[in-house]
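Naming convention: chains lettered A, B, ... in sequence-line order (proteins, then strands); numbering from 1 in each chain. Atoms considered below: every heavy atom in the structure, side chains included; atoms not considered: hydrogens, waters and symmetry mates.
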2 protein chains.
Amino acid sequence: MAEHTSKQFDLELESIRTRVLQMGGLVEQQIRAATEALMAGDIERLQKVVDQDAQVNAMEVSIDDDCTHIIARRQPAAGDLRMIIAVIKTITDLERIGDEAQKIARMGKTIYQTERYQVPRFREIRKMSDVALGMVRRALDAFARMDVSAAEELEREDRRLDDDFNAELRQLITFMMEDPRTISMSIDTLFMAKAIERIGDHATNISEYVVYLVKGTDIRHLPPEAKLSAASGS
Amino acid sequence: MAEHTSKQFDLELESIRTRVLQMGGLVEQQIRAATEALMAGDIERLQKVVDQDAQVNAMEVSIDDDCTHIIARRQPAAGDLRMIIAVIKTITDLERIGDEAQKIARMGKTIYQTERYQVPRFREIRKMSDVALGMVRRALDAFARMDVSAAEELEREDRRLDDDFNAELRQLITFMMEDPRTISMSIDTLFMAKAIERIGDHATNISEYVVYLVKGTDIRHLPPEAKLSAASGS
């Protein structure tokens, strides 16, 4: 990062980074809680995940506000400005990850509260959720350590998660065809799988902002090979 | 907006606003083309929508880049800075709307290319798509005219679109239960409806950035009544 004459400014930037990581920690916790409560059929805990989304949203608004103020007051130059822009984008994705965790909890509640026939075991959902959670953790870690190598890794994981989603989709379709009584519940499960698949997309976005932050290159929409060379080149 | 000593700066801001509206125009066109091609079963045109998404992405990257440069070079004060932050957020949502239009086109292609049994008439999809397109148009119009009243209107429309989605979901479930051969295609149709429902969410986000831009208040996660008073208060 650039050197500033102002120590105070350094502290402000550091504080924003710390708060992004705190928000990330809360979001990770939401995914974990939603999945565990789902596996356990714990409706109360699922509701707690739904309620706690407000806290994620409040953190987004507050960090966003700090970013705007810091730009206005400090008029940051290249590197610092990129950091702030990367933060503004990162927290948008973190907030959406929070939304997806909330959706998982909502769907879980619906299934446990309405299903009279047979609640599924959610084994595939749990597996997918573990992958997605690992991706979020990796993306936040990359943000903390300004590690550009995560982007490539997460892109690969994201493709794996897409494959898992498609496998789950095919399995659910078979399930529904064999026994139409499971249709309603299978659709809820499908939306859960979709929410997890999106968490992977958002984690990948975050790792790409880290590349932008460090290298100044926007790799979001590049083809995979070009992403790789942009992230590794200096 | 604040007065600047620099005419050049005014021109730069105006140029960014114009490009956001151009990007919005392209995104509107993508939704319209996807829906019309879907109704007509025009696979070639559906493919064109898929291909054109790259153009939407390129516009996002380029406007984003301009915003960062303008902040670094001009060190804008309150009102102008809010405008630029609002643009950065708006184009993210426009890009995602483009993604959803692309998804509609992709699903449409899949249905026409694989369905041997019975392609649905997509009447509800068309209805929902018209509502969503109207919302995007209204949000862009609000951005162009800095009209804070759109947020409330779009929030209402968004609830209507959610209801439409749920009605479509129930109808598709009935359809699948009555005839399991339609399951695969119904799931594709469901994801299309979901994509349209999300377009409504993104349009609503954009109208909320306009309130932030004009009033300096972040209303995104407020309850409906508080949103209303923040948007109308001065």
Residue part contacting chain A, namely of [X], when any heavy atom lies under 4.5 Å:
X: B:Leu172; value: neither
X: B:Leu190; value: side chain
X: B:Ala72; value: both

Check each atom of A:Ile71 against the heavy atoms of chain B and say whether the ones under 4.5 Å are side chain, backbone, both or neither.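 Both parts, heavy atoms under 4.5 Å.
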
Need one label for A:Ile84: side chain, backbone, both or neither, based on atoms under 4.5 Å from any heavy atom in chain B.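 Answer is neither: A:Ile84 stays 4.5 Å or more from chain B.
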
Heavy-atom check, side chain of B:Ile187 versus side chain of A:Ile187, under 4.5 Å: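 Side-chain contact under 4.5 Å: yes.
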
For a 4.5 angstrom cut-off between non-hydrogen side-chain atoms, does B:Ile183 reach A:Ile183? yes

Heavy-atom pairs under 4.5 Å with chain A: which of B:Leu81, B:Leu169, B:Ile85 has the most?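 Most heavy-atom pairs within the cutoff with chain A belong to B:Leu81.
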
Below 3.5 angstrom, are there any donor-acceptor pairs between chain B and chain A, and if so, which atoms and how far apart?
residue: B:Asn57; atom: ND2; partner: A:His221; partner atom: ND1; Å: 3.4
residue: B:Glu60; atom: OE1; partner: A:His221; partner atom: NE2; Å: 2.9
residue: B:Glu60; atom: OE2; partner: A:Arg220; partner atom: NH1; Å: 3.0
residue: B:Asp64; atom: OD1; partner: A:Lys89; partner atom: NZ; Å: 3.4
residue: B:Asp64; atom: OD2; partner: A:Lys89; partner atom: NZ; Å: 2.6
residue: B:Asp64; atom: OD2; partner: A:Arg220; partner atom: NH2; Å: 2.9
residue: B:Thr68; atom: OG1; partner: A:Tyr212; partner atom: OH; Å: 3.4
residue: B:Lys89; atom: NZ; partner: A:Asp64; partner atom: OD1; Å: 3.4
residue: B:Lys89; atom: NZ; partner: A:Asp64; partner atom: OD2; Å: 2.6
residue: B:Tyr212; atom: OH; partner: A:Thr68; partner atom: OG1; Å: 3.4
residue: B:Arg220; atom: NH1; partner: A:Glu60; partner atom: OE2; Å: 2.9
residue: B:Arg220; atom: NH2; partner: A:Asp64; partner atom: OD2; Å: 2.8
residue: B:His221; atom: ND1; partner: A:Asn57; partner atom: ND2; Å: 3.4
residue: B:His221; atom: NE2; partner: A:Glu60; partner atom: OE1; Å: 2.9

